[in-house]
Amino acid sequence: MSLENVLNNWSKYRRGAEEGGHHDYEHKWAMMINLDLCIGCNACSTACYAENNLAVVGKDRFEKGQAMHWLRIERYWDQAEQEFPEQGASFLPMMCQQCNSATCEPVCPVAATYHTPDGLNAQVYNRCIGSRYCSNNCPFRVRYFNFYSYYESSWPEPLNMQLNPDLTVRDKGVMEKCTFCVQRIRVAKDKAKMENRKVGDEDFKPACVQSCPTSAMVFGDYLDEGSQVRKLWDKYQVKMGPAKQDKQEPDMRGYRVFEGLNTDPSVLYLERVREKV
Amino acid sequence: MAVKSFKKMKLNMTAYINIALVLLIGGLLVPAWLLAGDVKPPSGDHNGKEVPQPIEFPHNIHVKDNGINCMYCHTYARRSKVAGIPPTSKCMGCHKTIATDKPRIQKLTEYWEKKESPQWKKVHDVPDFVHFTHEKHLKKFVFDRDFPVENVKEVCAFCHGELENMTVAKKVKPLTMGWCRRCHEANGGPGDCWKCHK
Amino acid sequence: MTGTINRRSFIKMMGWGGVGTALGGCDVPTTVTLEEGKEDVVSYLMPEEYVIPGVGVWYASTCTQCAAACGTQGRVREGRVLKMEGNPNSSVNSGKLCVMGQAGLQGHYNPDRIKEPMIRKNGSLSLVGWDQALATINDKLNAADGARVAWFTGTISGHQKVLLNALLESNGSSKHYVHEVVGNKVLQAVSRDMLGDAMPKYRFDKAKMILSFGADFLGSWMSSPVHFAGEYAKFRTNKPRGLLVAIEPKMTLTGGNADLWIPARPGTEAAIALAIANELINAHNKDAAILPESVRNLIGQHSAESVAKQTAVAADRIKRLAQLLNERSPSLVLAGAPVEGQTNGYAATAAIMLLNHLLGNIGQTIESPGAFAFAQLEATTGGTADLIAFTQNAKDKNLDVAFFYGTNPVYSAPDALKFGDALKNIGMKVAISQFMDETTAQADVILPAASYLEDWGTHVAAYHSEQPAISMQQPLMEKLYETTRGFGDVLLALLQNKNKDKYGQYADYYAYLRHAFSAMPASYKENPASEEHSWNAVLQKGVIKVQTTDESLSTSIAEIDTPTIPASDSAYPLTLVPSVRLGLWDGRHANLPWLQEAPDQIAKVVWDSWAEIHPSTAKKLGIEQGSIIKVSSKHGEVTLKAVLLKGLHPDVVAIPMGQGHTEYGRFAKGLGVNPLKILAPEQEQKTGELAMYATNVKITDTGKKDTVVKIGSTDTQMGRKLVGTVPVEQVRRTEGA
Amino acid sequence: MSIVNEKDINEQIAWAKINADVLRSMANPRRAYWISVAMCLAMIACAVTAEVYQYTEGMGYANLNNPHMWDMYIATFVFWIGMSHSGTLLSAILHIIHADWRKPIYRFAEAMTTFSLMTAGFFPIIHLGRMWNMYWVLPYVSDRGHWPNFRSPLVWDAFAISTYLSASMLFLFVGMIPDLAICRDNAKGWQKKLYSVLSLGWTGTDRQWRNFRKTYMLMACFLIPLAVSVHSIVSSDFAMSIMPGWHVTTFPPYFVAGALYSGCAAIITLFVLLRYYFRFEEYMTKAIMEKTCKLTFAIAMVWTYLNLVEFASVWYGHDIYSKELLIAKAVGPYAWVFWSMIFCGSVLPFTLAFQSLRRNMPVMFVVSLFLNVGMFFERWMIVAPTLSMSHNPHQWDIMWGSIIEWAIVFGSFGWFGLLFLVFVKVFPSVSMYEVKEMVYHRRRHVVNDEAAEKFHRRASDSKTGTDEPGLEGA
């Protein structure tokens with residue numbers, strides 16, 4: 001962003017500040033996760049490891065809390081007081097929520113994390129200087145830092161042949177997080193552009209969505225009225241943008257984690273359903 | 001006398017401080033303004049060093065003398081992010097018959113018979129966190145503009161220099177980020193970091 | 001497009017491969033070379049026209065990470081396979097893939113693969129060429145009496161099975177032992193006797209309620225996790241929404257997703273089932289006439305109240321379940337490992353199965369898969385009975401040559417079986433393996449197998465989904481090590497030695513498959529005119545859909561001998577549950593870092609073994625989270641960390657399988673313990689399967705403590721809404737579920 | 001005479017003696033000095049070793065993890081920044097309000113400001129994942145044409161601290177010029193050269209004095225808002241976030257108060273040390289100590305009050321996350337830190353309320369140390385618990401500093417000590433000319449004016465070497 005650019009677009013930045021994140025997107029990638037179908041099987045998480053060159057940190061560093069799982073499945077027992085969890089476990093796939101007014105963006109000293117025109121919360125590895133402020137300011141705690149250089153330890157020959165050349169292998173001192181598989185998005189968009197059409201639902205899926213055995217995850221362009229994900233957001237009467245949700249049917253299942261913090265996440269969760277026997 | 005004026009100057013410390021501050025601020029902001037206004041297409045050359053290649057491939061002969069299109073050999077350029085080095089089979093396609101007496105061609109034939117391809121050295125290299133794609137650039141500057149494909153070399157030359165006047169390729173443009181950025185700003189290319197850095 | 005990438009062009013492509021593997025994000029000046037002439041670029045010699053550098057292409061194949069035979073697609077770029085996904089054409093997994101399938105790549109690129117054949121000469125292994133290795137084997141085979149040659153494999157199907165059978169035949173041997181730790185042989189036996197089909201089709205999508213007695217269909221049941229997860233999704237999204245009740249000793253993934261989870265000590269399930277049957281007959285007047293006299297009496301003895309006393313499952317809860325089953329028809333009642341894994345597992349499973357008869361689910365939610373057109377290709381599923389049989393045979397010195405492929409008995413056999421000693425009686429042990437696992441380490445001849453991403457093959461799922469099919473396996477990239485060979489090629493080589501004139505015509509297994517395909521009826525070919533075209537079409541789709549003839553199940557209920565509840569032993573008060581992790585499975589995936597780092601779905605522990613204990617039991621024994629404890633049975637003991645978990649019956653201690661390898665490469669070796677080792681060698685009376693849930697153990701605290709490496713520091717949400725839960729009534733109102 | 005009306009300074013001190021005493025303090029270091037220098041160097045060595053290891057192996061060895069992305073380093077950074085404030089307080093604020101009792105002690109306080117800033121500056125750099133790129137936070141002109149994110153408090157930090165550092169160094173230097181002239185006139189050899197350059201040809205003419213006064217006052221006025229802003233900005237590193245326990249409106253004043261507090265405590269410590277080592281009893285008198293203590297006590301009470309304000313606002317607020325965090329602070333794993341912070345910060349200062357204790361140097365020395373320990377705990381309690389127990393309970397985690405972190409923190413004290421030790425031997429740690437002023441003014445009140453007048457004329461006399469010894473340059 002050259003200085004001129006800043007000055008010319010100042011009003012836009014101001015508006016962004018007022019509305020929380022700028023909202024004039026060309027696409028707005030969004031997700032919907034049906035927690036009633038999520039069985040917590042870890043397929044998405046492992047798919048993420050495979051697609052995004054995530055480092056395997058090993059037992060000791062995992063113990064220190066330095067694991068790099070961009071997508072982790074959180075498991076909770078709902079009935080804490082009971083002797084047996086009779087209604088089973090609650091599973092929550094938690095990854096970067098790609099907030100529209102992300103709290104991580106304003107605090108990065110070098111603007112290594114910022115909002116892309118297609119509504120993604122970007123992390124530019126080669127710009128990152130590792131101040132880790134973004135992670136501190138993330139209420140979901142989904143930003144992971146390369147505390148070590150994992151290249152040798154995590155991909156001993158020939159494991160490194162599996163590394164995905166479409167995205168960078170991060171080295172020590174860099175923050176990273178879920179990107180909604182931006183490399184797939186970019187390829188799909190480029191392909192669509194070469195064919196002079198708009199990118200659609202079927203063009204691509206993030207690794208997690210593609211692997212989910214129960215199809216609990218749905219991904220797409222929120223701005224595309226026809227997209228599956230948009231239909232679902234509308235069905236569950238959750239809107240992106242406004243601080244206050246006004247559901248005609250307040251009992252509808254859709255909700256976003258920490259809605260109250262008004263970070264305007266792009267991931268819609270559907271409450272898990274249980275039948276009392 | 002000199003000493004005296006020297007002393008005089010020393011006395012006035014506020015002046016010193018003011019000068020210092022002015023220089024400090026000026027030194028930062030003035031060039032900033034100069035640069036901020038600059039959306040001219042990138043200029044500036046880079047004097048790359050001669051890279052020895054297994055076979056001293058004469059671009060000049062192929063491009064200038066024989067007028068072969070760049071994309072005839074670098075055939076992936078319009079289909080992929082990488083332009084690609086022509087496969088040995090393609091070279092042999094012509095050189096089975098053409099100029100077989102030339103030492104270079106004989107060397108090539110040796111490779112071909114050994115069923116190996118030469119270990120070329122990369123000349124135009126960018127860091128691994130930069131994801132440049134030829135495909136899109138060709139689309140914008142050649143196909144969308146209905147630019148005559150036979151003259152595509154003029155477009156290639158923008159980043160790769162005039163290879164028609166070189167034998168083996170030589171890096172003659174800086175290919176730095178600033179260089180790319182200025183071109184993007186001049187031609188309305190994307191300014192989104194995540195276009196090139198992923 | 002064909003999946004064959006010839007060696008030359010692959011090697012050349014590696015030049016491009018360098019792009020991805022370089023150190024990226026780091027821009028310490030020393031690691032980023034922008035200088036010209038530093039990196040190599042190697043052009044292709046003769047590129048296939050479909051290979052474009054920088055563009056990934058998806059090829060269809062089949063996953064062999066477990067016996068489910070899911071169809072997969074692999075993303076190949078510059079000759080390297082980079083990512084596995086499900087193949088939408090396969091009705092087994094319909095485009096989805098589980099943890100194990102995702103991690104298959106790491107088995108293929110694993111740094112600990114065996115690269116060259118080895119022969120044991122006076123105790124130590126030495127590298128040899130294939131010719132020598134095969135020669136050694138053939139000499140032995142030619143010398144040996146065919147009846148004393150045995151093959152010991154995992155679940156096997158498709159043309160590999162055909163070749164193997166041919167080989168056995170040519171040896172005049174019938175000794176083919178199929179061993180899987182995770183299997184449902186007892187259930188298969190019961191289904192065969194009571195339904196007339198070992199593997200009937202379970203229609204989750206039709207069922208309004210599922211009552212699962214330890215059937216972890218989301219994890220290990222029928223070893224087809226992805227398929228049943230998909231079925232589960234249909235079951236839940238049905239209107240009205242399906243109701244899932246799980247009765248099991250340790251909360252499995254299925255139990256974790258149940259509407260009601262009821263802990264039950266292993267061995268008590270049958271009693272509960274009979275009590276429910278009792279209720280159904282007496283309270284909900286189900287027709288008992290279909291049952292033989294003895295069975296009716298048996299049911300009569302199990303009133304809800306009496307069973308409640310024996311099993312500590314409240315009587316009104318049993319009544320409620322009966323009522324629900326009566327209301328929600330059709331339903332499904334499933335039996336799983338904890339039921340089968342009893343000395344009277346057959347009876348217990350039968351007692352549960354007859355609920356389906358009572359409820360009239362047969363033909364409704366349990367259907368016949370129909371007869372598969374190519375019987376010779378159908379899967380031979382494995383169990384533990386063969387392990388015991390094989391051990392016995394070896395002990396009796398009945399075996400001169402034994403081949404091991406796709407299974408690791410030395411690891412999975414309980415110490416009490418003395419499998420290791422038995423092996424010593426075998427003249428020559430041949431292991432066809434990718435890794436130096438425990439069994440391979442014992443072998444005299446080691447043949448390095450190609451990974452499933454480098455190999456040809458065909459597979460048929462043991463459990464037939466809606467559309468039974470032959471799933472094609474094709475190489476997604478050139479062999480990493482030229483000196484490895486596919487299983488099919490090895491079989492062919494051995495066959496050619498025996499039967500030159502018949503099998504000599506095939507250059508390799510690929511040629512054999514081509515021939516086999518061309519021999520298939522024209523209806524299976526997209527374009528009968530062009531062999532090549534049809535073949536490519538098949539490879540592109542990845543599956544050959546196979547017609548089946550409709551058949552219906554024959555229901556017959558024979559005698560059921562009383563499923564007695566195992567008496568508890570005061571010296572060994574707890575029952576050991578060797579639980580299956582969807583990931584490490586039976587231990588075969590312990591060398592895949594991704595799966596080691598993927599937390600256990602319920603306990604959320606990584607990289608380790610642990611013993612799950614209910615807090616109340618732990619309190620009694622003075623054990624805390626992370627205490628190092630000794631779990632000892634009459635047949636051995638293991639020392640590991642304690643993890644306090646509510647999802648467990650108080651009389652049970654659960655130790656996940658998969659760890660405790662003494663070999664098997666850098667990622668698996670010396671990590672955790674192997675619960676299978678301390679199992680009692682009890683057998684299921686009818687089927688001879690190992691009774692895996694019938695081992696009593698006791699716990700002693702060593703007084704030491706260690707931190708449990710897991711994700712998630714709290715089990716509760718602290719009243720902050722991360723996961724919301726709503727009653728089904730509300731959803732019925734809003735969404736009409 | 002009774003203790004009560006003991007004077008700030010004895011107005012009878014001859015100016016020659018002042019020069020002599022101060023210059024003596026700079027001359028021939030004794031063994032104790034060299035030992036302390038050696039110790040400081042050793043401590044620095046520890047830190048350097050630790051840092052080299054961390055730089056090559058990765059930040060992970062500082063026990064950082066998700067959620068603990070910041071830790072000891074930032075706490076220490078805030079601590080040192082805080083330390084730097086009271087120097088400005090004494091030298092600038094008290095200067096413009098003409099509290100002349102500051103005169104004998106402001107010089108080393110001012111030095112302390114500069115040095116603690118120079119120490120603090122290290123920590124944001126050390127804690128960067130890729131410190132070789134740290135200059136990216138500065139708006140330098142780059143070919144890439146992009147800039148730091150001006151919305152980020154960390155960038156404000158970079159500006160604020162560098163400005164404050166340069167300004168306070170300049171202020172320290174400018175304030176020393178007349179004294180440097182005195183040193184010049186009494187030094188020989190290379191020292192003479194050094195001081196001649198540094199004293200910028202000071203001869204003490206009326207014009208010089210006028211310019212000097214103007215400059216000094218101007219800079220004082222410039223420095224005061226700067227000092228306040230710097231710590232407000234540091235506080236906004238936390239206050240600008242949405243994390244419970246950080247997102248607090250009262251943080252800026254709270255931080256400034258805390259800063260002044262720890263600074264004053266540090267001044268007391270150094271006061272006692274200098275007074276003892278350099279025999280400065282006549283200049284650093286008990287009366288001045290009393291005033292310093294009273295000042296410290298007042299600030300301590302302000303700090304305590306602001307603490308209570310914060311607790312109350314959280315307690316009665318609607319932010320459940322902050323409230324749970326506050327409770328966790330008081331009863332959770334960090335409780336012992338929390339309560340010792342309250343004790344050292346709010347209870348211990350009451351010792352300053354008793355005159356007998358105030359005048360007891362050893363006691364004050366110990367107390368002041370504990371006050372600073374308390375303030376270090378305060379910084380830890382600001383940084384750590386929030387990260388441990390923020391919004392998502394799944395990621396809760398308790399963590400203490402690693403050996404690497406402690407080594408570096410430890411070494412930072414060595415670095416500070418070294419700078420200070422060098423300072424006291426190279427520069428006058430008591431402002432001679434201001435003490436002379438002070439003495440002069442006090443004398444005007446007691447002795448008759450002519451006598452004072454006589455001195456005064458001589459004082460502003462530019463020519464040196466008169467019958468009255470010790471007036472050189474003054």
Side-chain angles (χ1 to χ4, degrees), chain A residues 35-37 39-43 45-47 49-51 56 59 62-63 72 74-78 80 84-90 92 125-126 151 156-165 168-171 174 210-215 249 251-253 255 257 271-277, chain C residues 17 19-21 23-27 80 82-83 85 96-99 102-103 105 109 111 218 226 229-230 232-233 236 243 253 255-261 263 320 480 582 593-594 597-598 601-602 604 606-607 646-647 707 709 711-712 715-717 722-728 730-731 734:
Chain A
L35 293 180
D36 190 35
L37 287 185
I39 57 173
C41 68
N42 271 344
S45 184
T46 312
Y49 269 80
E51 172 71 20
V56 170
K59 189 176 172 186
F62 205 109
E63 182 177 348
R72 59 170 189 256
E74 301 180 359
R75 192 265 294 117
Y76 299 103
W77 300 127
D78 277 345
F84 299 109
E86 292 200 327
Q87 290 205 336
S90 313
L92 178 72
Y125 307 125
N126 48 306
Y151 188 68
E157 294 275 350
L159 265 178
N160 58 354
M161 282 173 68
Q162 182 271 332
L163 288 168
N164 185 352
T168 315
V169 179
R170 286 79 57 187
D171 200 354
V174 182
Q210 187 167 3
S211 69
C212 181
T214 56
S215 316
E249 172 52 85
D251 280 351
M252 269 297 187
R253 281 200 290 156
Y255 74 101
V257 177
E271 278 147 338
R272 168 184 100 125
V273 183
R274 281 298 178 265
E275 182 162 355
K276 199 99 195 71
V277 176
Chain C
V19 175
T21 59
L23 269 178
C26 175
D27 60 345
R80 298 180 295 133
L82 298 171
K83 180 81 171 68
E85 300 286 4
K96 308 302 186 175
L97 205 58
C98 74
V99 240
Q102 294 286 351
L105 290 161
Y109 290 116
L218 295 180
V226 187
Y232 167 83
R236 285 298 206 189
L243 169 68
L253 202 49
N257 289 284
D259 293 276
L260 175 62
W261 179 80
R320 174 73 179 136
L480 279 176
L582 178 53
W594 287 341
E597 193 128 320
Q601 285 83 354
I602 298 294
K604 286 294 167 193
V606 294
W607 281 106
K646 284 181 160 190
T707 47
V709 185
I711 67 166
D715 276 345
T716 72
Q717 305 184 34
L722 291 129
V723 185
T725 302
V726 295
V728 72
Q730 175 182 325
V731 184
T734 53

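Any value given below was found using the heavy atoms of this structure, including those in side chains, with hydrogens, waters and symmetry copies removed. In what follows, chains carry the letters A, B, and so on, assigned in the order in which the sequence lines appear, proteins first and then strands, with residues in each chain numbered from 1.
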Segment of [X] engaging chain C (4.5 angstrom heavy-atom cut-off):
| X | answer |
| --- | --- |
| A/S211 | both |
| A/F62 | both |
| A/L159 | both |
| A/E275 | both |
| A/C41 | both |

Selection from [options] maximising heavy-atom pairs under 4.5 Å formed with chain A:
| options | value |
| --- | --- |
| C/G724, C/G255, C/P593, C/A233 | C/G724 |
| C/V226, C/L253, C/L582 | C/L253 |
| C/A103, C/A258, C/C98, C/P727 | C/A258 |
| C/T734, C/T707, C/L218 | C/T734 |

(request) Take A/L92 and C/Q717 through the test side chain to side chain contact (heavy atoms under 4.5 Å, CB included) and record every step on the way to the result. (result) CA-CA 11 Å; A/L92 178 72; C/Q717 305 184 34; over 6 Å; no
(request) May I ask you to test the A/V56-C/W607 pair for a side-chain heavy-atom distance under 4.5 Å? (result)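 Heavy-atom side-chain distance check passes, below 4.5 Å.
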(request) Evaluate the side-chain proximity of A/N164 to C/K83: yes if any heavy-atom separation is below 4.5 Å, no if none is. (result) no
Under 4.5 Å, counting heavy-atom pairs only, tell me which of [options] racks up the most with chain C.
| options | result |
| --- | --- |
| A/G40, A/A89, A/P85 | A/P85 |
| A/E157, A/E249, A/K59 | A/K59 |
| A/E63, A/Q87, A/R75 | A/R75 |
| A/T214, A/V257, A/D251, A/V277 | A/D251 |
| A/G88, A/P158, A/P156 | A/P158 |

For [X] and [Y], which heavy atoms make the closest approach, and how far apart are they?
| X | Y | value |
| --- | --- | --- |
| A/L163 | C/R80 | O-NH1, 3.5 Å |
| A/W77 | C/I602 | CH2-CG2, 3.9 Å |
| C/L722 | A/Y76 | CD1-OH, 3.8 Å |
| A/A43 | C/Q102 | O-CG, 4.2 Å |
| A/Q162 | C/L82 | NE2-O, 3.1 Å |
| A/Y255 | C/V723 | OH-CA, 3.3 Å |

Reported [atom1]-to-[atom2] distance for the pair [X] and [Y], which is rounded to 0.5 angstrom:
| X | Y | atom1 | atom2 | result |
| --- | --- | --- | --- | --- |
| A/R253 | C/T725 | CZ | OG1 | 11.0 Å |
| C/R236 | A/L37 | CZ | CG | 9.0 Å |
| C/D259 | A/R274 | CG | CZ | 5.5 Å |
| C/E85 | A/E51 | CD | CD | 7.5 Å |
| A/T46 | C/L105 | OG1 | CG | 11.5 Å |
| C/L97 | A/C212 | CG | SG | 12.0 Å |

Is [X] in contact with chain A via its backbone, its side chain, both, or neither, using a 4.5 Å heavy-atom distance?
| X | answer |
| --- | --- |
| C/Q730 | side chain |
| C/P111 | both |
| C/V731 | side chain |
| C/A598 | both |

